[in-house]
Every structure is written in structure tokens, then in C-alpha cells.
Amino acid sequence: MDRDRNKSLLLELQRAADTGNGRCADCGEPDPEWASYKLGIFICLNCSGIHRNLPQISRVKSLRLDFWENDLIEFMKKHGNLCAKAKYEAKVPPYYYIPRSCDCLVLREQWIRAKYEREEFVATRICQDPCSAGTREGFLWKRGRESRQFQKRRFLLSAREGVMKYYTKESRGPKAVISIENLNAMFQTEKIQHAHGLQITYNTDGQTRNLFVYHQSGKEIVDWFNAIRAARYHYLRTTFPTVPEPELIPRITRNYVKEGYMEKTGPKQKEAFKERWFCLDSQERNLMYFKNPLDAFAQGQVFIGRTDEGYEVRAGLPQGVRMKKRKPAITVATPMREFVFICENDREQREWIDALNGVIAQPLTG
């Protein structure tokens with residue numbers, strides 16, 4: 001039967017070497033089980049859902065569940081993921097964030113729309129230089145530090161000046177002038193409880209300041225994110241001209257290694273345990289804790305150094321510390337003192353220990 005024969009042919013194409021078909025063309029997820037028969041690419045289930053919303057550009061079928069006509073099989077043979085990549089990703093700028101399967105929906109959707117719908121990266125497009133791409137002005141909805149309500153604020157980003165500013169009222173000067181040197185941005189859709197939620201962080205007076213923003217348009221918020229990345233890339237490329245590109249790219253923006261609730265006690269380890277929201281920043285080697293996840297500033301932070309400097313992470317409580325009820329605990333030993341944290345469950349304890357050990361194992365960078 002054609003149905004069974006064509007299914008076998010499709011699966012052979014998906015597994016064929018030197019085609020790129022073994023991973024989703026859009027997010028890199030291994031063993032994709034869907035395909036776009038208009039674009040000639042193999043994609044995962046999640047990305048196929050995005051393609052369904054682009055019927056003028058893409059049409060999808062399951063490799064295993066749907067019937068594939070002979071002419072569609074021939075079309076897939078002549079195309080494939082590497083062929084599509086050569087066409088639709090010919091000029092992806094080095095600062096542009098290419099999402100992975102674990103990234104949020106808005107990043108993956110706008111990447112797919114940028115490639116196939118808007119054809120932003122085809123060879124005939126003229127690429128903006130990072131300095132121009134890192135210049136942007138517009139409005140974002142920002143969460144107020146005191147009111148905790150989201151209000152419309154004007155933001156201005158200038159890679160040339162090396163700053164990002166935002167304004168509370170048009171008649172006044174900027175509320176903050178943020179140096180691109182220590183600017184970071186990451187999508188935080190669950191924490192902000194908005195599908196387009198973005199967390200912007202920067203250092204001010206030795207503390208990390210958090211801004212939480214969103215925009216109703218998915219394209220607009222992703223464009224802001226990539227504009228920040230372009231400005232950061234311009235700063236890094238200018239400041240560190242001899243650093244190889246593969247080392248530079250991961251430093252443009254970063255996500256926290258791990259976030260979540262733990263309980264902590266005071267320096268005497270006799271104070272009552274209090275629940276706090278923790279964020280582990282591997283680049284800055286800081287474990288920050290907040291009273292609430294959307295607080296503007298941390299209540300405190302713990303620097304995480306190397307083993308040979310006296311830093312260690314252990315499961316369990318320090319000697320002499322007692323608890324009425326057994327709970328999974330972590331002890332972080334530093335040269336100055338030991339910090340004690342209580343996790344919600346054993347899985348969280350393992351994940352925090354692995355994340356902290358990962359930072360301890362990193363070489364210190366200047």
C-alpha cells in the first residue's frame with residue numbers, strides 16, 4: 001500500500017544523515033514526528049501547532065498518523081531541514097536569540113514567523129549593524145515598584161550611547177539611566193503571569209534591580225528583547241574585540257540557572273525559618289533571595305565561589321542544627337559562615353545542589 005510505503009519513506013528521510021531532519025527545524029527538539037509539506041521541513045509537535053496558525057505559509061501533517069501523497073513525498077525528498085535553513089536562516093544576526101524547545105511560546109512563535117512569514121533572514125535582506133539594531137524607542141507596560149500595578153512607560157534604548165532609559169512622565173527626565181554594560185533581559189512568562197512577560201535586570205549601587213515588563217504584541221516584546229541583545233553584543237564586541245564569537249554570544253543575555261522557593265534561617269541558625277524566593281545567577285555567581293518573586297530588589301545574596309576558596313554545598317543540616325520535622329535541607333559553606341536552606345521536596349533539593357555545584361565548578365572570570 002502507498003500509505004505504508006510512504007510512511008516508511010518519510011521516516012527514512014527523517015533519519016537520513018546530512019539532512020538535519022533528525023531535529024526540529026525550528027527549535028532543535030530531537031526526533032520530530034511532524035512535517036510542513038509546504039516548506040519541506042520536519043518539525044516537532046509544539047512547533048507544528050505554531051505552523052497551523054500560518055496556513056498561507058505552512059501546512060502540516062503527522063509522519064505517522066496522516067496519509068502522504070506521492071507528490072508530497074517527492075517534495076520532502078527535494079527539500080529538508082538543511083535546505084530550508086540555507087534559505088530562511090541565511091542572514092540571522094549573531095545577537096538574535098534562536099529559541100530552543102524549552103523556551104517560552106512567544107519566543108518560538110516569533111522566531112517561526114520571522115523566518116517564514118516575514119522572511120527576515122533570507123539572503124536578499126540587508127542586515128542592520130548591531131549598533132543600529134540596538135536602538136529602539138517605544139512603550140512597555142512596567143510593574144510599579146510600590147503600586148505593583150502595570151503602567152505604560154516609555155523606554156529608550158541606545159547602543160551608541162550605551163544606555164537604556166525609561167520615563168514615568170513625558171514632562172520629566174528619565175526615571176532611570178541603565179548602563180548596557182550590566183543590562184540583562186530574560187523571558188519570565190510564568191513569574192510575571194503574562195505570555196509576553198520580560199524581566200530586565202541591571203546593577204545599581206551594588207544591588208541587582210529588577211524591572212518587570214510586557215507588551216500586548218508578541219512581535220513587539222521579542223523585538224525589544226533582540227534589540228537589547230543587539231546593544232549588548234555591540235558593547236561586548238567593542239569592549240572585548242579579541243574574544244572569539246562562541247565565547248561572546250553566551251554572555252549577551254542569560255537566564256537564571258534555577259529559581260524557586262526555599263526557606264532560610266538567620267546567621268545564628270536559631271532564628272525561625274522563613275520562605276523566600278531564590279534566584280541563582282551563574283554569571284555573577286550570586287544566589288539572591290527575595291521576599292516575593294516580583295520584588296524590585298533582593299533582601300540579600302550569597303556569593304558562590306570555588307571549592308579551593310572554601311565553598312561547598314552539602315545535603316542536610318550543619319552539625320548542631322535541629323528541626324522538629326525532617327525536611328530536605330541544603331548547607332552552603334562559605335569562608336565566612338554556613339547558610340542553611342530548606343527545600344520543598346527531595347527533587348528540589350537535588351536540583352538546587354546540582355545547580356549550586358555547577359556554579360562552584362565554573363572558573364572565575366574577570
(request) Return the set of residues passing salt bridge (charged side-chain N to carboxylate O under 4.0 Å, His left out) with E344 (not counting sequence neighbours), or none when no residue passes. (result) none
(message) Quick test of your reading: applying side chain to side chain donor-acceptor pair (under 3.5 Å), list the pairs with at least one residue in residues 156-165, sequence neighbours left out, ordered by first then second residue.
(response) none
(request) Output yes when D281 and R254 qualify as a salt bridge under the 4.0 Å nitrogen-oxygen rule, no when they do not. (result) yes
I'd like a table of donor-acceptor pairs (distance under 3.5 Å, sequence neighbours excluded) in which one partner is a side-chain atom from residues 83-90, with atom names and distances.
unit_1 : atom_1 : unit_2 : atom_2 : d
K85    : NZ     : E89    : OE1    : 3.1
E89    : OE2    : K115   : NZ     : 3.0

(message) Quick test of your reading of the model: are R154 and E137 salt-bridged, counting only N-O distances below 4.0 Å?
(response) yes
(message) For N81, is there any backbone N or O sitting under 3.5 Å from a side-chain donor or acceptor partner on N21?
(response) yes
(message) Using the salt bridge (charged side-chain N to carboxylate O under 4.0 Å, His left out) criterion, which residues pair with E146? Sequence neighbours excluded.
(response) none
(message) Could you work out, with ring pair (Phe, Tyr, Trp, His ring centres under 6.0 Å) as the rule, every residue matching F240, not counting sequence neighbours?
(response) none
(message) Under the rule for salt bridge (charged side-chain N to carboxylate O under 4.0 Å, His left out), what residues qualify as partners of E117, not counting sequence neighbours?
(response) R113
(message) Donor-acceptor check, side chain of R306 to backbone of Q362, threshold 3.5 angstrom: yes or no?
(response) no
(request) May I ask you to check whether Q199 and K191 show a side-chain donor-acceptor distance below 3.5 Å? (result) yes
(message) Given 3.5 Å as the limit, does a donor-acceptor pair link the side chain of R153 with the main chain of L140, or not?
(response) no
(request) Hey, could you give me the SG/CD distance between C279 and E284, rounded to the nearest 0.5 Å? (result) 13.5 Å
(message) Once ring pair (Phe, Tyr, Trp, His ring centres under 6.0 Å) is applied, what residue pairs with a partner in residues 276-301 remain, sequence neighbours excluded?
(response) Y261-W277, F278-Y289, F278-F341
(request) Give every residue pair that meets the side chain to side chain donor-acceptor pair (under 3.5 Å) criterion with at least one member in residues 35-49, sequence neighbours excluded. (result) S36-S58
(message) With side chain to side chain donor-acceptor pair (under 3.5 Å) as the criterion, how do R5 and N70 come out once you've worked through the C-alpha distance, each side chain's angles and the decisive distance to 0.1 Å?
(response) CA-CA 10 Å; R5 181 180 69 87; N70 293 339; 3.2 Å; yes
(request) Identify, with sequence neighbours excluded, every residue that meets side chain to side chain contact (heavy atoms under 4.5 Å, CB included) alongside N203. (result) N182, T208
(request) Kindly write out the residues that satisfy ring pair (Phe, Tyr, Trp, His ring centres under 6.0 Å) with Y97, not counting sequence neighbours, or none if the list is empty. (result) F225
(request) Check whether the ring centres of H215 and F139 lie less than 6.0 Å apart, and answer yes or no. (result) no
(message) Check this for me, if you would: do R347 and E351 make a salt bridge, where the nitrogen-to-carboxylate-oxygen distance has to be below 4.0 angstrom?
(response) yes
(message) Between K327 and E263 (salt bridge meaning N to carboxylate O under 4.0 Å), is one present in this structure?
(response) yes
(message) Less than 4.0 angstrom from a charged side-chain N to a carboxylate O is my criterion; do K77 and E12 meet it?
(response) no
(request) Salt-bridge test for R350 and E348: reply yes if a basic N is under 4.0 Å from a carboxylate O, no otherwise. (result) no
(request) Taking ring pair (Phe, Tyr, Trp, His ring centres under 6.0 Å) as the test, write out the residues that go with W224, two or more places apart. (result) none
(request) Return the set of residues passing ring pair (Phe, Tyr, Trp, His ring centres under 6.0 Å) with F75 (not counting sequence neighbours), or none when no residue passes. (result) H79
